[in-house]
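Note that the numbering runs from 1 along the sequence shown for the chain. The model shown is predicted, which means the values in this text are computed figures rather than measured ones.
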Amino acid sequence: MSIPRFSDDFLARLREAFQRTGYDADGVVDALGGAAHAALGRGEPELAFRASADAGELGTLIRLFLLGSAEPEAAVRAALAPVALDDALAAGLVRGREQLRAGLDVRPHGDEQGSWWVVSDLDSDVLGAEVPPDHVLGVGHASLSLIRATTRRPVGSLLDLGTGNGVQALHATRHAQRVTATDVSERALALADATFRLNELDVELVRGEWFAPVARRRFDQIVCNPPFVVGPPRVDYTYRDSGLGGDDASALVIRQLPGFLTEGGTGQLLASWLHVDGEDWADRVSRWLPGGTDAWFVQRDVADPGLYVGTWLRDAGIDPRSDRGRAKAADWLDWFAENKVQGVGFGFVTLRRTDAAHPTVVCEDLRQAYDDPLGPEAGRWLDRVAWLRQHGHDLLDARFQVPPTVLLERVSAPGDEGWDTTVLRLHRSDGPGWQHEVDETVAALLAGCRGALPLSDLLSLLAAGHGLDEEALTEAALPLVRELVRHGFLEAV
């Protein structure tokens with residue numbers, strides 16, 4: 001595929017066309033309505049076709065770029081004005097004759113502060129064929145999940161490693177003074193450049209593999225959606241394959257990323273890791289970490305090898321039932337079997353460069369459903385880790401309170417004298433929905449955490465009231481208190 005090139009004048013005219021027709025995130029939702037827009041997100045386009053029929057030139061753009069429809073030449077010419085249709089055809093924005101189709105995916109993408117346009121390649125459903133090796137992926141579920149898992153605090157400099165269509169860098173411009181985006185793919189950089197200039201954003205673009213383009217530089221924050229698909233060492237598609245075997249791509253990024261952070265700087269990325277027979281996944285990923293790094297690994301899913309292979313074949317537009325699909329699946333599954341792979345874990349990794357003698361490394365399963373974005377929680381997790389590091393030796397002098405978002409659930413079963421409590425469970429109703437099972441003694445301790453008395457006094461009162469040994473109670477309580485603080489069930493006042 002040829003590398004698309006767009007002049008500043010062409011992009012300025014295209015932006016004017018989109019603004020004139022209302023082709024932005026809010027405009028599309030308003031034109032389609034909530035039900036049709038939601039159905040489109042589920043891959044059910046008929047409601048959107050119907051809703052866009054009466055939306056004029058905006059409807060033409062919706063059908064052209066979002067629904068993959070063929071549209072009459074006259075309608076496309078009118079909707080794209082002041083872009084000349086000949087220029088749009090020459091640039092590859094649209095294709096065909098008389099009945100025109102999109103040549104590129106150009107779609108609105110927004111957040112709570114506004115809307116952008118993202119330029120990428122057409123997916124396999126629109127193409128009706130397998131995507132080419134240099135395919136530039138659109139804004140998919142993985143991109144959206146990383147957007148939600150990224151902490152948005154003001155920083156001076158941010159690196160988007162492996163930018164693809166540039167969507168992570170778009171969001172980064174909200175909170176970073178300077179944004180640098182890299183990619184190994186010339187086509188990806190060309191489309192990301194179009195994305196940034198279409199939105200009138202100044203983002204530094206550099207081409208090269210992994211961290212080589214930014215050697216000897218450091219950043220306050222790094223985000224990365226790497227080619228994390230695991231399997232045999234090959235590159236079928238640059239957007240997802242690294243050429244490294246197994247989970248070595250995720251390992252490489254995690255090993256090298258902290259070295260490109262400023263002191264206290266943070267990195268957040270998507271990653272995959274193998275679940276190998278006889279090995280704990282947490283031990284595996286922890287070995288990737290360099291010294292001087294706080295790390296929070298959050299496992300969001302574990303896929304069976306067969307399901308994993310089928311999912312990624314379909315993602316590229318390959319029918320798993322075809323001869324080609326079966327051959328590729330056989331090679332992939334043979335590799336999994338030879339390497340004793342029982343599953344593929346997927347999740348988010350938050351890293352922080354630290355000079356602490358004993359960095360904090362936590363690996364946790366968070367496969368339950370939750371609605372809140374993980375990014376704010378990741379920032380607060382790092383804050384709580386820093387607070388525990390500073391106050392770890394004087395926890396007994398600290399005053400704590402239970403946040404109002406924490407609830408205590410009591411599960412009871414019929415007993416000889418009525419209802420007998422079988423489970424006491426703490427719930428956080430915000431964030432990722434943490435849960436902790438506790439006993440009556442811990443529940444009583446938390447009931448006293450109202451910010452008035454230091455922890456040492458609360459433990460003394462609890463020991464006296466329940467006939468417990470105070471020294472033993474304190475020894476048992478301190479590790480639990482640290483865990484409850486780290487998960488946001490207790491906060492210092």
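Side-chain contact check for Glu364 and Gln299: no donor-acceptor pair (N or O, by modelled atom type) lies under 3.5 Å. The closest side-chain donor-acceptor pair between Ser157 and Gln177, if any, does not fall under 3.5 angstrom.
Ala25 approaches Ser115 most closely through the heavy-atom pair N-OG, 3.0 Å. Looking at every heavy atom in both residues, Trp288 comes nearest to Ser272 through CH2-O, 3.8 Å. For Ser52 against Ile62, the heavy-atom pair with the smallest separation is CB-CG2, 4.3 Å. Here the shortest heavy-atom pairing between Cys224 and Pro226 reads O-CD, 3.3 Å. The nearest pair of heavy atoms linking Phe228 to Ser250 is CB-OG, 3.9 Å. When all heavy atoms are compared, the tightest approach of Val28 to Pro108 is CG2-CG, 4.0 Å.
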Query raised in the report: Passes salt bridge (charged side-chain N to carboxylate O under 4.0 Å, His left out), Arg218 versus Glu263? Steps please.
Result: CA-CA 9 Å; Arg218 290 192 177 183; Glu263 189 63 36; 5.6 Å; no
Report task. Evaluate the criterion side chain to side chain donor-acceptor pair (under 3.5 Å) for residue pair His427 and Glu409; output intermediate values, then yes/no. Result -> CA-CA 7 Å; His427 284 271; Glu409 173 189 17; 2.6 Å; yes
**Report entry** side-chain contact (heavy atoms from CB on, under 4.5 Å) between Val184 and Trp210, worked out
**Finding:** CA-CA 8 Å; Val184 68; Trp210 303 114; over 6 Å; no
Requested in this report: Could you walk me through whether Thr163 and Asp160 pass side chain to side chain donor-acceptor pair (under 3.5 Å), step by step?
Outcome: CA-CA 6 Å; Thr163 192; Asp160 176 13; 2.6 Å; yes
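Remark: the backbone N or O of Thr405 is paired with a side-chain donor or acceptor of Ser429 at under 3.5 angstrom. Asp248 places no side-chain N or O within 3.5 Å of a backbone atom of Leu244 that could act as its donor or acceptor partner. Side-chain N or O atoms of His391 include one that pairs as donor or acceptor with a backbone N or O of Trp387 at under 3.5 Å. In this structure a side-chain-to-backbone donor-acceptor pair under 3.5 Å is present from Arg15 to Leu198. Between the side chain of Arg152 and the backbone N or O of Pro376 there is no donor-acceptor pair closer than 3.5 Å. Formation of a donor-acceptor pair under 3.5 Å by the Arg486 side chain with backbone atoms of Arg482 is not found in this model. With hydrogens and angles disregarded, a donor-acceptor distance shorter than 3.5 Å links the side chain of Gln368 to the backbone of Pro432.
Using a 4.0 Å cut-off between charged nitrogen and carboxylate oxygen, Arg284 and Asp247 count as a salt-bridge pair. A salt bridge is defined here as a Lys NZ or Arg NE, NH1 or NH2 lying under 4.0 Å from an Asp or Glu carboxylate O, and Asp294 with Arg352 meets this definition. Contact check on Arg153 versus Asp383 returns a salt bridge, with a Lys/Arg side-chain nitrogen under 4.0 Å from an Asp/Glu carboxylate oxygen. A salt bridge between Asp111 and Arg174 is present, with a side-chain N of the basic residue lying under 4.0 Å from a carboxylate O of the acidic one. Ion pairing of Asp283 with Arg287 is absent here, as no side-chain N (NZ or NE/NH1/NH2) approaches a carboxylate O to less than 4.0 Å. The pair Arg384-Glu491 does not count as a salt bridge, with every side-chain nitrogen at least 4.0 angstrom from each carboxylate oxygen.
A heavy-atom distance below 4.5 Å is not found between the side chains of Arg255 and Leu289. No side-chain heavy atom of Gln401 sits under 4.5 Å from any side-chain heavy atom of Leu490. Taking 4.5 Å as the limit, some side-chain heavy atom of Gln168 sits within range of a side-chain heavy atom of Ser143. When side chains are defined from C-beta on, His175 counts as touching Gln221, because their heavy atoms get closer than 4.5 Å. Residues Leu257 and Phe211 have side chains in contact (heavy-atom distance under 4.5 Å, counting atoms from C-beta outward). Using a 4.5 Å cut-off on side-chain heavy atoms (C-beta onward), Asp202 and Phe196 make no contact. Side-chain contact check for Val203 versus Thr195: every heavy-atom pair is 4.5 Å or farther apart. For the pair Val119 and Asp105, the minimum side-chain heavy-atom distance is 4.5 Å or more.
Taking the six-membered ring wherever Trp is involved, the centroid distance between the rings of Trp116 and His171 falls below 6.0 Å. If you look at Phe348 and Phe297, their ring centroids are not closer than 6.0 Å. Separation of the His135 and Tyr239 ring centroids falls under the 6.0 Å cut-off. Residues Phe489 and Trp434 keep their aromatic ring centres 6.0 Å or farther apart.
Other residues, nucleotides and ligands contribute only 12 or fewer heavy atoms inside 6.0 Å of the CD atom of Glu475. Counting heavy-atom neighbours within 6.0 Å of Glu471 CD, excluding the residue itself, gives a total of 12 or less. Within a 6.0 Å sphere centred on CZ of Arg50, other residues, nucleotides and ligands contribute 12 heavy atoms or fewer. Dense packing is recorded around CD of Glu44, with more than 12 heavy atoms of other residues, nucleotides or ligands lying under 6.0 Å away.
With rounding to the nearest 0.5 Å, the separation of CH2 in Trp312 from CG in Leu307 is 12.0 Å. Note that CG of Leu205 is 9.0 Å distant from CG of Asp183, once rounded to the nearest 0.5 Å. Taken to the nearest 0.5 Å, the CZ atom of Arg353 stands 8.0 Å off from the OG1 atom of Thr262. One finds the OG1 atom of Thr354 at 10.0 Å from the CG atom of Leu382 (value rounded to the nearest 0.5 Å). Taking CG of Leu67 as the start and CG of Leu40 as the end, the distance is 5.5 Å to the nearest 0.5 Å.
Classified by interplanar angle (parallel below 30°, tilted 30° to 60°, perpendicular above 60°), the ring pair Trp296/Trp381 is parallel. Taking the six-membered ring for Trp and thresholds of 30 and 60 degrees, Tyr308 and Phe336 have ring planes more than 60 degrees apart, a perpendicular arrangement.
When each of Leu191, Asn165, Leu137, Val131 is tested with Asp121 by the rule side chain to side chain contact (heavy atoms under 4.5 Å, CB included), just one qualifies, namely Leu191.
Screening residues 439-453 for salt bridge (Lys or Arg N to Asp or Glu O under 4.0 Å) gives Arg410-Glu440 as the qualifying pairs, with residues at least two apart or on separate chains.
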